[in-house]
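In what follows, a single structure is set out as structure tokens and then discussed.
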There are 2 protein chains.
Amino acid sequence: MVVDNLSSTFAALSDPTRRSIVDRLTRGPATVNELAAPFSISQQAISKHLAYLANAHLIERQRDGRQNFCALNPGAIREVAEWADGYRRFWEKSFQRLDVLLEEMKTRKQRKRTKKERHR
Amino acid sequence: MVVDNLSSTFAALSDPTRRSIVDRLTRGPATVNELAAPFSISQQAISKHLAYLANAHLIERQRDGRQNFCALNPGAIREVAEWADGYRRFWEKSFQRLDVLLEEMKTRKQRKRTKKERHR
DNA sequence: ATTATCCACAACCATATGGTTGTGGATAAT
DNA sequence: ATTATCCACAACCATATGGTTGTGGATAAT
């Protein structure tokens, strides 16, 4: 089990079934059975997925009798958004940046070639 | 190996070593050795991490002689940002939404209790 | 020509993941 | 009181992950 906060969040989101569940929960809370209904896998498998989501704090659970309600915790997704947004400047205004970088690589190579003082 | 695009991206980002490498690459491209230097794990382990990152299109590689340069592909992170941003309205303007949802759950339970026509 | 360096491939290991079936405790319905 | 339903726990399995050591092909340095 991953302990790091962001790591467990990303891990939880790396499965399409779990992302689908997250998406379903944007339409309001649901019981385990309701969440399992659209899928062809077993209820137990869904319970496992929910455990991962809860572990990453992507959902909150509230038991009531036999039923176990799940609700989205958007705060966890917000953290993902904020992490990704930290890289915004790298995709903005330079869609061709990759080419630029490759050029930079070649420049570096040439620098290395002309540099004869390899005295480290 | 995961095939789904977003799934492999999230999986690649679920490891702190790989996120650290991604972060390093914001300061420009680097060789495998340079990327491996800050870590205490083996060069081979880093090569594996780089393979996952490349597989998820988070980095691009450019071989030159013995060296293998890696450069960040911000487009992949942008996709993550866009995915997360789709949930923006769920965390904006209602930090107490979770409480609201739990209330909603209880309401639903009561509705169920008063509903006597269980004729499905 | 010889030696050193960069890097990935292979084989291996322990643990995690994503699924299964079997089961049973609580609770709700009859 | 009996039966049905909701859900999770356990044990199991195949595969993926994150690491290791051993190695060797290319290339660069001497």
Side-chain angles (χ1 to χ4, degrees), chain A residues 1-4 7-8 10-21 29-37 39-56 59 61-70 105 108-120, chain B residues 1-4 7-8 10-21 29-37 39-56 59 61-70 105 108-120:
Chain A
M1 193 194 315
V2 203
V3 278
D4 177 15
S7 290
S8 61
F10 278 127
L13 293 173
S14 73
D15 183 89
T17 301
R18 288 196 289 263
R19 285 201 306 282
S20 178
I21 289 173
T31 67
V32 174
N33 258 359
E34 287 167 349
L35 292 174
F39 301 99
S40 57
I41 62 180
S42 67
Q43 165 261 311
Q44 293 93 321
I46 297 292
S47 281
K48 273 193 180 183
H49 282 305
L50 295 175
Y52 292 132
L53 288 171
N55 210 279
I59 66 173
R61 319 194 67 170
Q62 177 88 355
R63 180 144 217 167
D64 175 63
R66 295 183 295 183
Q67 314 205 91
N68 205 339
F69 286 85
C70 302
M105 286 182 196
R108 253 185 68 186
K109 282 183 268 171
Q110 294 189 343
R111 253 194 298 133
K112 220 169 209 166
R113 272 194 202 101
T114 45
K115 235 191 224 170
K116 286 302 182 188
E117 359 76 297
R118 297 268 303 137
H119 52 56
R120 85 179 317 269
Chain B
M1 195 195 313
V2 203
V3 280
D4 177 16
S7 289
S8 61
F10 278 126
L13 294 174
S14 74
D15 183 271
T17 301
R18 289 195 290 263
R19 286 201 307 282
S20 178
I21 289 173
T31 67
V32 174
N33 257 0
E34 287 167 350
L35 292 174
F39 301 100
S40 57
I41 62 179
S42 67
Q43 166 261 311
Q44 293 94 323
I46 297 292
S47 281
K48 273 194 182 182
H49 282 305
L50 294 175
Y52 292 131
L53 288 171
N55 210 279
I59 66 173
R61 318 192 68 171
Q62 176 88 355
R63 180 143 217 167
D64 175 63
R66 292 183 298 183
Q67 314 204 92
N68 206 338
F69 286 85
C70 302
M105 286 181 195
R108 253 185 68 187
K109 283 183 267 170
Q110 294 190 344
R111 254 193 296 131
K112 218 167 208 169
R113 271 194 203 102
T114 45
K115 236 192 224 168
K116 285 302 182 186
E117 357 78 299
R118 298 266 304 138
H119 53 55
R120 84 180 319 268

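Fair warning: this is a prediction, and the values are worked out from it, not measured in the lab. Residue numbers start from 1 in every chain, and the chains themselves are labelled A, B, ... in the order their sequence lines are given, proteins ahead of strands.
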Task: B:A45 side chain, from C-beta outward: closest of D:dT20, C:dG19, C:dT17 - done: D:dT20

- [ ] Tell me which nucleotide among C:dG18, C:dC7, C:dT20 gets nearest to the side chain of A:Y52.
- [x] C:dG18

- [ ] Look at the side chain of B:N33 and decide which nucleotide, out of C:dA8, C:dC6, D:dC7, has an atom nearest to it.
- [x] C:dC6

Open item on the list: As a test of reading the structure: which of D:dG18, C:dT17, D:dA26 is closest to the side chain of B:R66, going by heavy atoms?
Closed with: D:dA26

Task: Nearest-nucleotide 5' precedence on DNA chain C, A:G65 against A:I41 - done: A:I41

Open item on the list: Using whole Å, what does the distance between atom P of nucleotide D:dA8 and atom CZ of A:F69 come to?
Closed with: 12 Å

Open item on the list: Can you measure A:R63 atom CZ to D:dC6 atom P for me and round it to whole angstrom units?
Closed with: 13 Å

Open item on the list: Could you tell me how far apart B:F10 (CZ) and C:dT17 (P) are, to the nearest whole angstrom?
Closed with: 16 Å

TODO: Just compare C:dG18, D:dA8, C:dC7 and give me whichever is closest to any side-chain atom of A:H49.
DONE: C:dG18

- [ ] For residues A:R18 and A:A12, report the shortest heavy-atom separation together with the two atoms involved.
- [x] NE-O, 2.7 Å

Task: Residue list, side-chain hydrogen bond (donor to acceptor under 3.5 Å, both in side chains) with B:S47, at least two apart or on another chain - done: B:Q43

Open item on the list: Side chain of B:V32, heavy atoms from C-beta onward: which of D:dG19, C:dT21, C:dA8 has the nearest atom to it?
Closed with: C:dA8

- [ ] Please state how far atom CG in B:D15 lies from atom C1' in C:dA16, giving the value in whole angstrom units.
- [x] 13 Å

Protein-nucleic acid N or O pairs under 3.5 Å, nucleotides 10-13 of chain C:
none

Task: Stem segments of DNA chain C by first residue number [Watson-Crick or G-U, under 3.5 Å, at least 3] - done: C:1-30 with D:1-30

TODO: Could you pull out all residues at least two apart from B:A51 that satisfy side-chain contact (heavy atoms from CB on, under 4.5 Å)?
DONE: none

TODO: State whether B:N68 places a side-chain N or O below 4.0 Å from either non-bridging phosphate oxygen (OP1 or OP2) of C:dA8.
DONE: yes

Open item on the list: Using side-chain contact (heavy atoms from CB on, under 4.5 Å), reason through B:H49 and B:L35 one step at a time and then give a plain yes or no.
Closed with: CA-CA 11 Å; B:H49 282 305; B:L35 292 174; over 6 Å; no

TODO: Spell out, as yes or no, whether a donor-acceptor pair under 3.5 Å connects the side chain of B:E34 to the backbone of B:T31.
DONE: yes

- [ ] To the nearest Å, give me how far apart CD (A:Q43) and P (C:dG22) are.
- [x] 14 Å

Task: Heavy-atom check, side chain of B:R66 versus side chain of B:N33, under 4.5 Å - done: no

- [ ] Measure from CD1 on B:I46 to C1' on C:dC9 and round the result to the nearest Å.
- [x] 17 Å

TODO: Take the protein atom CG of A:L50 and the nucleotide atom P of D:dC6, then report the distance between them rounded to whole Å.
DONE: 15 Å

Open item on the list: Using OP1 and OP2 only, check whether a side-chain N or O of A:S42 sits under 4.0 Å from C:dT20.
Closed with: yes

- [ ] Would you check if the side chain of A:R19 reaches a backbone N or O of A:L13 as a donor-acceptor pair within less than 3.5 Å?
- [x] yes

Open item on the list: Checking A:A36 now: which residues fulfil side-chain contact (heavy atoms from CB on, under 4.5 Å) with it, not counting sequence neighbours?
Closed with: A:I46

Task: Short side-chain N/O contact to C:dA8 OP1/OP2 from B:R61, under 4.0 Å - done: yes

Open item on the list: Please enumerate all residues that pass side-chain hydrogen bond (donor to acceptor under 3.5 Å, both in side chains) together with B:S20, with sequence neighbours excluded.
Closed with: none

Task: Between C:dG18 (P) and A:L53 (CG): distance, integer Å - done: 10 Å

Open item on the list: So, using side-chain contact (heavy atoms from CB on, under 4.5 Å) as the criterion, who are the partners of A:A37 when residues are at least two apart?
Closed with: none

